[in-house]
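Let me begin by presenting the structure, written as structure tokens, before commenting on it.
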Amino acid sequence: MRTRVFGWRWRRNSLRRRCDVVDAWCVLVAGILLLAGAPLAGVAAGWRTYDVGRAEAAAQRAALRPVRAVLLADTPRAVPAAPGGARRSVPAPVRWTGSDGRPRTDLTRVPWGTRGGAVIDVWTDARDRIVRAPAGASAVCQRAVAVGLSTMVGAALAVWIACSRLRRSAERRRLDAWAREWALTEPGWTRRTA
């Protein structure tokens, strides 16, 4: 019959060694960091990413302007097989009126099968060049959640690795101490003399 005594590493007794105390503290600190520290780090990183993303999107919206452009040519109707069923887009020429009132022409990505003459919304910068649209609220949220979850998993993994290495080192020292003690004790228990 085997009896397990919980908390023996915390109590004073003659069998407790220093490496047992280090091991117990390591497990306690790692548990607290895994249950509280890693999620808090993830939430903090997610909030920070969300705030920065919102500020960047607002700055982009202030610096860029949306314009209505007219598609100059038909895009191919045949849609190549897209991974995951995603609908692909193709570069096509569009024309719009610049901020100075002159007509501009450039390429932008439009869905396959769009007919010439269709009105497309594009974003332009101060030089009237077509640029990528500013990130929307959902993209900012998705990025913040991804960063938060990645930070939480990374912090938990770092804590687990550090605790594992510390416990492995303590176990190695414990086994070395047992070997030294046995080397001193064995001659008294056996008839062997080295």
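Values below: all heavy atoms of this structure, side chains included; hydrogens, waters and symmetry mates excluded.
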Would you say [Y] ends up clustered with [X] if hydrophobic residues are merged whenever their side chains have heavy atoms under 4.5 Å apart, either directly or through other cluster members?
X    : Y    : answer
L71  : V122 : yes
V147 : V140 : no
L28  : V21  : yes
L166 : L33  : no
V110 : W123 : no

Within the structure provided, determine whether [X] and [Y] are in side-chain contact (heavy-atom separation under 4.5 Å).
X    : Y    : value
S89  : W112 : no
P103 : T97  : no
T75  : R109 : no
I130 : L107 : no
V153 : S150 : no

First locate atom [atom1] of [X], then atom [atom2] of [Y], and finally report the distance between them rounded to the nearest 0.5 Å.
X    : Y    : atom1 : atom2 : result
S169 : D23  : OG    : CG    : 10.5 Å
T108 : R132 : OG1   : CZ    : 10.5 Å
D106 : T124 : CG    : OG1   : 10.5 Å
W96  : R68  : CH2   : CZ    : 15.0 Å
T105 : R95  : OG1   : CZ    : 5.0 Å
L64  : R129 : CG    : CZ    : 10.5 Å

Minimum heavy-atom distance between [X] and [Y], given as atom pair plus value:
X    : Y   : result
P134 : A57 : CB-O, 4.1 Å
L34  : A38 : O-CB, 4.0 Å
V94  : A69 : CB-CB, 3.9 Å
V90  : P76 : CG1-CD, 4.3 Å
A135 : Q60 : N-OE1, 3.8 Å

*N-O pairing of D125 and R127 below 4.0 Å*: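 R127 and D125: not salt-bridged.
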*Salt-bridge test for R168 and E171: reply yes if a basic N is under 4.0 Å from a carboxylate O, no otherwise.*
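Between E171 and R168 there is no salt bridge, as every charged N stays at least 4.0 Å from the carboxylate O atoms.
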*For atom CZ of R65, decide whether the heavy atoms of other residues, nucleotides or ligands shown that lie under 6.0 angstrom number more than 12.*
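Check passes, neighbour count above 12.
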*Considering residues, nucleotides and ligands other than R104, do more than 12 of their heavy atoms fall under 6.0 Å from its CZ?*
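Yes.
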*Looking only at atom types and distance, does a side-chain atom of D121 sit under 3.5 Å from a main-chain N or O of P66, one as donor and one as acceptor?*
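No: the side chain of D121 does not pair with the backbone of P66.
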*asked:* For the backbone of G116 and the side chain of D74, can you confirm whether one donor and one acceptor N or O come within less than 3.5 Å of each other?
replied: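 Yes: the side chain of D74 pairs with the backbone of G116.
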*What's the verdict on side chain to side chain contact (heavy atoms under 4.5 Å, CB included) for V27 and R167, showing C-alpha distance, side-chain angles and the deciding distance?*
CA-CA 8 Å; V27 169; R167 291 187 75 195; 3.7 Å; yes
